[in-house]
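Quick notes on the structure that follows.
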Amino acid sequence: MNKAKILWVDDEIDFLKVHILFLTGKGYDVETANNGIDAIEFVKSTNFDIIFLDENMPGLSGLDTLKEIKKIRPEIPCVMITKNEGEDIMDEAVGSNVSDYLIKPVNPNQILLSIKKNLENKRLVSQKNIDDYRSEFQKLNTELGFINNFEDWTKIYKQLVDWEIKLGGLSSDKTMTEILAIQKDDANKEFCKYFEKNYEKWLNGNRENRPIMQHDVFKERILPLIQKGEKVFWIVIDNLRYDHWKMIQPQILQYYKIEQEELMYSIIPTATQYARNAMFAGLMPLTIAKNYPDLWTYEDELHSKNNNEEQLIQTMLNRFRCNEKFFYTKIFNNKEGQKIIDNLKSINQNKLNVAVYNFVDMMSHAHTDLPMMRELADDEASYRDITKTWFEHSSLYELIKALSETDYKIIFTTDHGNIKVNNAIKVTGEKNINSNLRYKQGRDLQYNEKEVFAPNAINLMLPTPNVSTKYIFARKRDFMAYPNNYNHYVKYYKNTFQHGGISIEENLIPLITLTPKNTK
């Protein structure tokens, strides 16, 4: 690694030769100036990595010099060195974006530590993460070989996401991120086996022997709060993965504290029509279609598949004899989101409010259709970063800030996750087969039985418009392609984010209970 280029500005620079020699001996390139005017001219002509600046200089003071330097090169970290410990001096320095603050006399090791903190921190943290992952790699592999329950899968997925964020966010060593990606693919392979083996038993067995799923959320997490007199704001972000939650969590924790963080298991298909309708009805899709046929839309119908969410919530409240008035809205942009904040007083009396935010789902579709979005989110790390950036500038973040001043608890979740697909498998069917790449529903489906999960639809509590209708599901990073124009189809959809099938990313999704920090 090339050592940093340093500018040290002090009117008594001749007395600092020991420090300069120390840094030079460490390989750093050090330039000096004994006044603010010369320092500013240096900055105009030379690219420095960090500047050490004496606060108390005759003529142009250190603070005035700092302000001028920041006008020229606002990104350069500047370290103020002073004899003055006055609070007003420190406040002004911080207000001028000083990166560090040292009190004289300073020793060479203090200077070295400040350099490392300001310039090498990311590299040092990254290297530590790489070393830690190397140590953890075999342990994770061993654990993958012995997982036999849904709690263990939750634990292993949380660990994998933690490493993804640590290595993807800091590491310049692509080898480690590639090894982690391979390990995650291995985990997905084993997870699919586990899920397919147990899913039908979960749906048809005792609740105590299965994980919490979408149709349990209201009964088990929201209704008990309402019955205790609590007020609940139910926020659903369509298509939000657990790693996305971890990216926006720090911002939320400024205003709310986590009462409970869970990963619930999504039903299949991991698609909005099934998963979100199940969550808002508190019922599996087959039961919705049988009991409320006017509220269920089949795949081959032209109507929107999620137009009846408010009505489904009402049927669920009626079924549980919960007579509370509720508010429901679906948000597609910040202008619509702002309306909730503006109307917060009018809905503040409700025990239950429900808001669905569609940005992440729209972003994943845009990633498929728009070349610019593919470039912006060309890997998992950048996809997470875009989600974080959206949240930080979203009306949802403003809503959470506003809610933190009320007594609302937040149930924060999603309907399903998604996965970046890269392997095409051939499937054919009749003309009205659905277009989803991760699952197919229809008649006369032709496929390789080894490549898909093809269960009995009734046993999985899925509605079938015809007796001969089947469902098939893609696993891991597979996606289904038609033989016609196959190469074009594969090229277009490869490395896009899709949902509907079976994978850790799609099926293990965040379910978070949040309490405002101002709650006594």
Side-chain angles (χ1 to χ4, degrees), residues 181-182 184-185 188-189 192 196 238-239 241 268-275 297-306 358 360-380 382-383 386 415-455 457 462-466 468-503 505-507:
I182 293 170
K184 193 175 180 185
D185 285 344
N188 253 322
K189 180 180 178 181
C192 290
E196 292 170 28
D238 190 2
N239 216 356
R241 299 191 317 209
I268 52 174
T270 45
T272 302
Q273 174 187 1
Y274 297 87
T297 305
Y298 284 97
E299 295 268 6
D300 57 356
E301 296 180 53
L302 298 178
H303 309 297
S304 172
K305 307 301 189 289
N306 285 82
N358 276 80
V360 179
D361 186 58
M362 291 189 294
M363 182 175 68
S364 68
H365 289 296
H367 183 273
T368 298
D369 299 328
L370 301 176
M372 181 184 71
M373 280 299 297
R374 289 206 190 194
E375 290 182 16
L376 286 174
D378 64 343
D379 58 22
E380 298 285 6
S382 55
Y383 187 37
I386 289 176
D415 44 8
H416 55 77
N418 61 46
I419 188 169
K420 193 174 186 180
V421 298
N422 60 17
N423 182 59
I425 55 177
K426 292 183 180 180
V427 172
T428 61
E430 58 182 12
K431 287 185 178 180
N432 63 348
I433 187 174
N434 68 304
S435 59
N436 190 288
L437 304 186
R438 294 280 291 165
Y439 80 95
K440 296 295 180 187
Q441 184 226 61
R443 296 181 296 181
D444 300 323
L445 295 174
Q446 303 295 317
Y447 51 87
N448 184 333
E449 292 184 0
K450 294 181 179 180
E451 293 180 330
V452 300
F453 177 46
L462 294 172
T464 53
N466 299 288
S468 58
T469 298
K470 292 197 67 174
Y471 287 81
I472 60 173
F473 300 90
R475 306 179 177 108
K476 304 172 293 181
R477 297 189 180 278
D478 296 344
F479 65 100
M480 301 178 191
Y482 302 107
N484 296 339
N485 207 11
Y486 180 78
N487 290 332
H488 171 77
Y489 194 86
V490 170
K491 184 179 179 181
Y492 187 80
Y493 287 107
K494 188 174 182 179
N495 292 324
T496 62
F497 292 95
Q498 304 293 334
H499 57 83
I502 304 171
S503 67
E505 293 92 332
E506 292 163 286
N507 291 98

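Both backbone and side-chain heavy atoms feed into the values below; hydrogens, waters and symmetry mates do not. Computed from a prediction, not measured in an experiment: that's the story for all the values here.
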ask   = So, do Glu380 and Arg241 sit near enough that their side-chain heavy atoms are less than 4.5 Å apart?
value = yes
ask   = Hey, are Gln446 and Thr428 close enough side-chain-wise for a donor-acceptor pair under 3.5 Å?
value = no
Test item: Lys426 and Asn448 side chains (from C-beta on) under 4.5 Å apart, heavy atoms = no
key: Rounded distance (nearest 0.5 Å) linking atom OG1 of Thr270 with atom CD of Gln498   = 10.5 Å
ask   = Does Glu449 CD have over 12 foreign heavy atoms under 6.0 Å away?
value = no
key: Pairwise side-chain contact, Thr272 with His416, heavy-atom cut-off 4.5 Å (strictly under)   = yes
request  = Check Gly500 against Asn436 and note the closest heavy-atom contact, atom names and distance.
outcome  = CA-OD1, 4.2 Å
ask   = Between atom CE of Met480 and atom CD1 of Ile433, what is the distance when rounded to the nearest 0.5 Å?
value = 8.5 Å
Reference residue His499; test side chain to side chain contact (heavy atoms under 4.5 Å, CB included); the match among Val421, Leu437, Asn418 = Asn418
inquiry  = Under a 3.5 Å distance rule, please check whether Glu506 uses its side chain to pair with a backbone N or O of Ile419 as donor and acceptor.
reply    = no
query = If we only count heavy atoms from C-beta on, is the Val490 to Phe479 side-chain gap below 4.5 Å?
reply = yes
query = Quick one: does Asn358's side chain get under 4.5 Å of Asn239's, heavy atoms only?
reply = no
inquiry  = Test: side chain to side chain donor-acceptor pair (under 3.5 Å). Region: residues 480-489. Which pairs qualify, not counting sequence neighbours?
reply    = Lys440-Tyr482
query = Is the backbone of Tyr439 close enough, under 3.5 Å, to the side chain of Asn434 for a donor and an acceptor to pair up by distance?
reply = yes
key: Any Asn306 side-chain heavy atom under 4.5 Å of Thr297 side chain   = no
ask   = Which heavy atom in Ile472 sits nearest to a heavy atom in Ala454, and how many Å separate them?
value = CG2-CB, 3.8 Å
inquiry  = Going by salt bridge (Lys or Arg N to Asp or Glu O under 4.0 Å), name the pairs with one or both residues in residues 471-486, residues two or more places apart or in two chains.
reply    = Asp185-Arg477, Glu196-Arg475, Arg477-Glu505
message = I'd like to know if the side chain of Ser468 reaches the main chain of Arg443, judged simply by a donor and an acceptor atom lying under 3.5 Å from each other, with no hydrogens or angles considered.
response = no
Within-4.5 Å side-chain heavy-atom neighbours: Tyr471 and Tyr274 = yes
query = Considering all heavy atoms of both residues, which atom of Leu462 and which atom of Pro269 are nearest to each other, and what is their separation?
reply = CD2-CD, 3.7 Å
remark   = Separation between CZ (Phe453) and CD1 (Ile502), nearest 0.5 Å, reads 5.5 Å
